[in-house]
Amino acid sequence: MIYATVTLIIVMILSSSYGKIKQGNALPVIGSVLSLCIFSSCRSVSFGPDLTYYATQYTRVIPFLDYIEIIRQYTSGLMKDGIFYIFMKLCIEIGLSYQAFISIVTSFYIVTVSWMISRYSKCPILSFMMFISLSWLQFSFTGLRQAMAMGCCSLAIGILASNKRPLLALVLILIAGLFHTSGFTFLFAFVVYKLKFKITPIRFVVLILSSVAMALWGSVVFRKIVTMIAWNETLAYYATSSVSLNWTGFLIQLTISCFSFYMYRDVVDEHPEMNLFYTLMAIGTAFQAFAVIIAEMFRISMYFSIASICVFPVAIQAIKNDQWRKAAFYGSIVILFAYFIVGNKFAMYVPITA
């Protein structure tokens with residue numbers, strides 16, 4: 001945990017200077033990105049059981065399969081998320097170690113999310129603290145396939161918000177789905193963008209109340225809906241899974257979303273591109289509510305709710321009263337740091353030199 005804490009403090013120091021440097025404002029963000037990439041790259045492969053599984057694939061399975069066989073197994077349903085293993089095969093063939101492979105995967109995710117932060121967050125220190133404290137970074141340490149998918153989707157969010165090259169965003173979402181099948185659910189974001197649909201505060205309230213009601217009293221119906229829309233065995237399995245999460249993750253996301261929507265008008269009047277981020281954040285919060293029925297719904301939620309790491313800082317910056325704005329900013333810093341310590345999400349972290 002000490003390594004994670006030191007990294008967080010370094011990122012806080014670097015990102016807090018963003019905007020104070022007249023020349024080269026990108027330097028603090030670049031420093032933060034490098035710190036996170038080094039931290040993630042130096043983790044031992046003992047960080048979670050998934051890395052052990054991928055190590056076996058990297059050293060004992062994929063080296064003995066050619067690209068045609070990987071594609072055949074993927075198309076026949078014997079292998080999930082074939083493009084990830086094609087990428088793995090490529091890394092093996094160019095002589096990269098397994099440590100280098102997992103470093104590239106997580107670093108790709110960190111860089112893409114940081115790019116989104118640098119473009120759309122008005123307060124990178126808050127964005128990076130949310131990214132580190134609220135599981136988004138920690139999840140990528142083990143969920144390698146979804147980390148690649150979420151990296152692609154983070155790029156897609158930034159592109160769609162800029163209103164430029166939407167077809168490129170669509171291609172990135174499709175690639176995300178090939179890295180991890182759950183990424184295909186993010187096609188919903190593209191539909192929302194094309195329809196110019198906006199979730200306003202009133203719609204947000206209706207959406208959340210409906211989601212909570214479904215989570216509390218409509219679990220059977222929700223499982224049937226998941227079964228009906230499942231396009232592969234993995235999603236069909238989700239519908240029958242008995243594993244669920246508590247309300248903690250939802251309540252955290254709900255708190256962030258409620259405050260952000262309270263500042264909705266002030267934010268979107270000055271930053272109209274935030275409309276898309278608000279809509280994605282609301283959808284992610286709704287999906288998080290369903291994690292109390294099916295735990296894997298938090299995977300779906302993450303694609304959308306990661307938009308909150310840009311929305312929330314902008315909402316705080318939109319507070320007009322200087323004293324209230326400072327109180328909200330420093331209060332958020334303290335709460336996020338405390339949650340980082342109490343949550344102890346990096347307890348399994350062991351450096352590769354250990």
Side-chain angles (χ1 to χ4, degrees), residues 8-21 25-26 28-29 32-33 36 113-137 154 157-158 161 198-205 208 248-285 288 301-302 304-343:
L8 175 62
I9 292 172
I10 291 173
V11 170
M12 288 173 64
I13 293 172
L14 288 170
S15 58
S16 64
S17 63
Y18 181 83
K20 296 179 181 179
I21 307 172
N25 271 352
V29 173
S32 300
V33 172
L36 291 176
V113 172
S114 299
W115 172 79
M116 184 178 70
I117 290 172
S118 68
R119 289 201 64 179
Y120 296 103
S121 174
K122 303 304 176 184
C123 187
I125 182 174
L126 269 181
S127 295
F128 278 115
M129 288 195 70
M130 292 173 70
F131 180 56
I132 297 169
S133 300
L134 302 180
S135 297
W136 282 295
L137 176 63
S154 296
I157 292 173
K198 301 174 184 177
I199 294 184
T200 59
I202 293 177
R203 288 174 176 172
F204 170 71
V205 171
I208 296 305
T248 303
F250 170 73
L251 291 175
I252 291 171
Q253 278 300 126
L254 181 63
T255 302
I256 292 170
S257 298
C258 284
F259 173 79
S260 299
F261 270 101
Y262 178 76
M263 300 300 300
Y264 175 83
R265 185 50 56 194
D266 292 314
V267 171
V268 297
D269 284 348
E270 187 173 352
H271 306 286
E273 72 278 4
M274 281 292 117
N275 266 308
L276 176 64
F277 286 85
Y278 266 104
T279 299
L280 296 180
M281 178 179 66
I283 295 171
T285 305
Q288 184 68 43
S301 170
M302 292 179 76
F304 298 88
S305 59
I306 198 168
S308 66
I309 69 176
C310 290
V311 178
F312 184 69
V314 176
I316 286 183
Q317 291 295 309
I319 299 174
K320 292 181 171 59
N321 183 285
D322 187 57
Q323 290 184 333
W324 281 108
R325 184 173 60 255
K326 288 181 178 179
F329 171 75
Y330 289 111
S332 299
I333 294 289
V334 171
I335 292 171
L336 286 169
F337 189 81
Y339 185 75
F340 168 80
I341 298 298
V342 173

Going by heavy atoms in the side chains, are [X] and [Y] under 4.5 Å from each other?
X	Y	result
Phe261	Val205	no
Cys123	Ile316	no
Met116	Ile309	yes

| said: Using the rule given for side-chain contact (heavy atoms from CB on, under 4.5 Å), can you reason through Val311 versus Ile256, listing the C-alpha separation, both sets of side-chain angles and the distance that settles it, and then say yes or no? | reply: CA-CA 9 Å; Val311 178; Ile256 292 170; over 6 Å; no

| message | Tell me which pairs pass side-chain hydrogen bond (donor to acceptor under 3.5 Å, both in side chains) where either residue lies in residues 254-264, with sequence neighbours left out. | response |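 Listed once each, the pairs are Ser257-Thr285, Tyr264-Asn275.
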
| request: Please report the shortest heavy-atom distance between Ser308 and Pro313, naming the atom on each side. | output: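 So the two residues come closest at O-CD, 3.9 Å.
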
| said: Please find the pair of heavy atoms, one from Arg325 and one from Lys320, that lie closest to each other, and give the distance. | reply: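 Closest pair (atom of Arg325, atom of Lys320, distance): NH1-O, 3.6 Å.
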
Rounded distance (nearest 0.5 Å) linking atom [atom1] of [X] with atom [atom2] of [Y]:
X	Y	atom1	atom2	answer
Ser154	Ile306	OG	CD1	4.5 Å
Leu280	Met274	CG	CE	10.5 Å
Ile252	Tyr339	CD1	OH	3.5 Å
Leu137	Met130	CG	CE	14.0 Å
Tyr278	Arg203	OH	CZ	15.5 Å

| task | Return the set of residues passing side-chain contact (heavy atoms from CB on, under 4.5 Å) with Ser305 (not counting sequence neighbours), or none when no residue passes. | result |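 So Ser305 forms a side-chain contact (heavy atoms from CB on, under 4.5 Å) with Trp136, Gln253, Ser301.
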
| request: Return yes if some donor-acceptor pair links the side-chain N/O of Ser133 with the main-chain N/O of Leu336 below 3.5 Å, else return no. | output: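 It does hold such a pair.
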
| query | For the side chain of Thr279 and the backbone of Lys198, is there at least one donor-acceptor N/O pair under 3.5 Å apart? | reply |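 Checking the backbone N and O of Lys198 against the side chain of Thr279, no donor-acceptor pair under 3.5 Å is found.
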
| request: Look at the aromatic rings of Trp115 and Tyr120 and report parallel, tilted or perpendicular, splitting at 30° and 60°. | output: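 Trp115 and Tyr120: perpendicular rings.
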
